[in-house]
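Just below is one structure, and these are the notes that go with it.
Just so you know, these numbers come straight off a predicted model, no measurement behind them. Proteins get letters first, then strands, A, B, ... in listed order; numbering begins at 1 in each.
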Amino acid sequence: MRDIKVGSIWVEKSKTVGKYVWRMRYENPVTCKVEKTSITLTSKSKQAGNQALNLMLDKIKKKIEKQSATLDIASEFILFSDIIDIWLEDQGRKIKHSTYATRTRYCNILKKDFKGKAIGDFSPLMIQRYFNKMPYTRKTLVTYFGIFRQIMNFAFRLDFIKVDLMKKVELSVPPITIEDMEKERKKLFSYDELKQIFILMTRPDCRRNALILEFLFLTGLRYGELASLKWEDYDKQASYIDINSTLDYSVGGVTKKCHTTPKTIASNKKVYLSNRSIEILTYFKSDNTRLLQNGRSFIDYGYIFPSRTGNPVSWRDLGRSFANFGKRAGFDRKFSPHALRHSHITHLVESGADQVAIMERVGHSDPTITTKIYTHTTDKMRSRLVDLIDEN
DNA sequence: GCTCAGGCAGAGATTAATAC
DNA sequence: GTATTAATCTCTGCCTGAGC
């Protein structure tokens with residue numbers, strides 16, 4: 001406990017006969033304000049004065065201990081943004097860079113929203129109101145809230161605040177809307193629909209993107225897994241590709257060529273290739289050689305799916321190309337490379353493939369994830385169901 | 001010269017996947 | 001079912017180069 005600065009001490013006659021009220025001014029180290037305290041004794045002698053001083057000091061110490069339990073002394077001076085920086089430094093040691101990058105972006109928003117705010121100034125009501133006003137969707141809110149809670153819990157654990165503020169705050173998430181459900185339905189493509197889009201991509205450069213998108217559909221890979229593929233990962237004899245890393249473009253984009261471990265342990269896998277997938281790889285083998293011989297800016301880093309410069313193909317360009325031609329083909333869908341993973345799994349389910357085999361192929365450790373997230377009901381499935389009912 | 005598509009990155013938003 | 005981690009997606013803007 002900090003030192004208590006004792007001020008003037010004086011004695012007054014109590015209203016009760018034979019009693020004296022000893023009073024003292026002091027500076028409260030918690031509030032930094034000059035406050036007064038008192039004690040009643042039966043004497044105003046010098047000895048009684050010493051006794052009164054000790055008793056009043058005990059009284060003040062108890063009061064300060066109580067105050068410190070709800071307000072940390074340091075919390076008045078330490079800014080929330082400082083706590084965020086300390087927390088991020090701590091996090092940086094134990095999470096992957098992509099997660100760290102995401103958290104840094106969230107934290108930057110928090111820093112902006114609570115600029116100049118001391119950690120000691122936060123209250124449960126203030127936090128509750130802050131999250132109640134947030135315009136984000138359900139899942140984003142949950143993530144945002146989770147990060148905020150982690151920061152506050154970190155501050156509590158390290159005694160920057162003495163009260164577990166987040167215990168009193170609850171996240172109110174909006175209900176699922178029709179738009180949310182509609183969004184889910186717009187993720188899917190059939191192979192025939194995709195072919196309609198690829199036909200439009202006839203220019204030589206577009207052709208590469210079209211084939212990469214087709215390869216994503218045929219293998220169900222994530223973009224990061226595809227972008228990090230090198231020729232040594234391709235076993236031509238056994239017709240599979242070995243997924244042993246992912247491209248982390250959160251570290252300064254694709255040019256940094258940062259490879260890291262796949263998203264999960266189950267994602268470390270072999271993906272066996274169909275004839276069409278092998279055809280696509282064969283095309284890239286010869287087209288990459290053509291780029292090396294003709295392209296002035298092409299450097300061969302050994303990637304299977306490089307851009308014209310030799311860097312791993314960029315996610316944003318793939319997505320943009322997909323969306324441009326998809327819209328031109330007349331589809332009102334969500335054009336993202338990841339939608340092709342959804343479509344791949346649904347396509348396999350639709351074709352009657354074994355669920356465990358699908359799960360292993362796409363790198364899920366739990367079959368319920370495959371079922372829960374990816375298997376959307378398609379028109380083909382609905383029609384087959386009606387046929388079954390008719391047959392019986 | 002104009003148009004169009006690819007190449008690239010930063011920041012904010014959202015979702016997937018797993019752990020608990 | 002909730003929390004946490006890790007990834008993808010969206011929006012934006014500037015630049016380069018090929019084709020017409």
Side-chain angles (χ1 to χ4, degrees), chain A residues 91 94-113 134-150 153 166 170-171 173 180 183-184 187 200-210 212 216 220-228 246-257 260-267 291 294-298 306-325 328 334-342 345 359 362-374:
Chain A
Q91 290 289 298
K94 52 190 180 190
I95 54 176
K96 289 183 84 174
H97 189 274
S98 58
T99 311
Y100 180 78
T102 303
R103 290 187 179 179
T104 303
R105 290 196 284 268
Y106 273 90
C107 285
N108 287 342
I109 297 168
L110 286 175
K111 279 181 182 178
K112 219 185 285 172
D113 288 351
M134 275 197 167
Y136 304 124
T137 60
R138 297 161 61 87
K139 287 178 180 174
T140 308
L141 264 180
V142 169
T143 306
Y144 211 119
F145 187 74
I147 288 173
F148 191 91
R149 178 172 39 214
Q150 282 189 55
N153 287 348
M166 298 309 284
E170 270 185 10
L171 184 64
V173 288
D180 292 335
K183 243 165 110 182
E184 281 299 310
K187 282 178 184 172
L200 293 176
M201 301 169 84
T202 48
R203 254 180 65 168
D205 286 342
C206 301
R207 180 168 164 73
R208 284 176 71 89
N209 276 351
I212 293 172
L216 278 173
L221 295 184
R222 298 182 183 95
Y223 157 75
E225 294 167 350
L226 172 124
S228 74
T246 189
L247 186 83
D248 184 356
Y249 54 93
S250 70
V251 191
V254 290
T255 51
K256 297 287 184 295
K257 300 179 232 354
T260 178
T261 50
K263 186 174 184 180
T264 62
I265 291 170
S267 301
L291 282 175
N294 304 337
R296 278 169 292 178
S297 57
F298 186 85
S307 68
R308 285 185 304 210
T309 61
N311 291 325
V313 64
S314 154
W315 181 89
R316 296 172 185 89
D317 301 331
L318 265 186
R320 184 166 53 181
S321 189
F322 189 24
N324 283 345
F325 287 95
R328 215 173 287 176
K334 191 181 174 189
F335 299 101
S336 74
H338 204 72
L340 300 174
R341 181 171 159 87
H342 287 233
I345 297 171
M359 182 189 95
V362 297
H364 286 156
S365 61
D366 183 350
T368 56
I369 297 164
T370 318
T371 320
K372 200 169 109 188
I373 301 174
Y374 288 104

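- Taking the six-membered ring for Trp and thresholds of 30 and 60 degrees, Y136(A) and Y144(A) have nearly parallel ring planes, at less than 30 degrees apart.
- Atom OH in Y106(A) sits roughly 8 Å away from atom P in dA13(B) (whole-Å rounding).
- Taking atom NE2 of H338(A) as the reference point, atom P of dC9(C) lies 6 Å away to the nearest angstrom.
- Separating the NZ atom of K256(A) from the C1' atom of dC8(B) is a distance of 10 Å, rounded to the nearest angstrom.
- Taking atom NZ of residue K139(A) and atom P of nucleotide dT10(C), one finds them 14 Å apart after rounding to whole Å.
- Side-chain N or O atoms of T104(A) include one that pairs as donor or acceptor with a backbone N or O of Y100(A) at under 3.5 Å.
- Counting distance only, with no hydrogens placed and no angle test, the side-chain atoms of T143(A) and the base atoms of dA13(B) include no donor-acceptor pair under 3.5 Å.
- Put simply, NE2 on H364(A) is 20 Å from P on dT5(C), counting in whole angstrom units.
- Map V362(A) and D317(A) each onto its nearest nucleotide of DNA chain B; the residue landing nearer the 5' end is D317(A).
- OP1 and OP2 of dT15(B) both lie 4.0 Å or more from every side-chain N or O belonging to T140(A).
- Position along DNA chain B of the nearest nucleotide to K112(A) versus N324(A) favours N324(A) as the more 5'-ward residue.
- One can place NZ of K263(A) at 8 Å from C1' of dT8(C), the figure rounded to the nearest angstrom.
- Atom CZ in R208(A) sits 5.0 Å away from atom CG in L291(A) (nearest 0.5 Å).
- In the interface, the side chain of R308(A) is not paired with the base of dG7(B) through any donor and acceptor atom under 3.5 Å apart.
- Side-chain N/O atoms of R316(A) and base N/O atoms of dG10(B) include a donor-acceptor pair closer than 3.5 Å.
- Y249(A) places its OH atom 13 Å from the C1' atom of dG12(B), with the value rounded to the nearest Å.
- Rounded to an integer number of Å, the gap from NE2 of H342(A) to C1' of dC9(C) is 11 Å.
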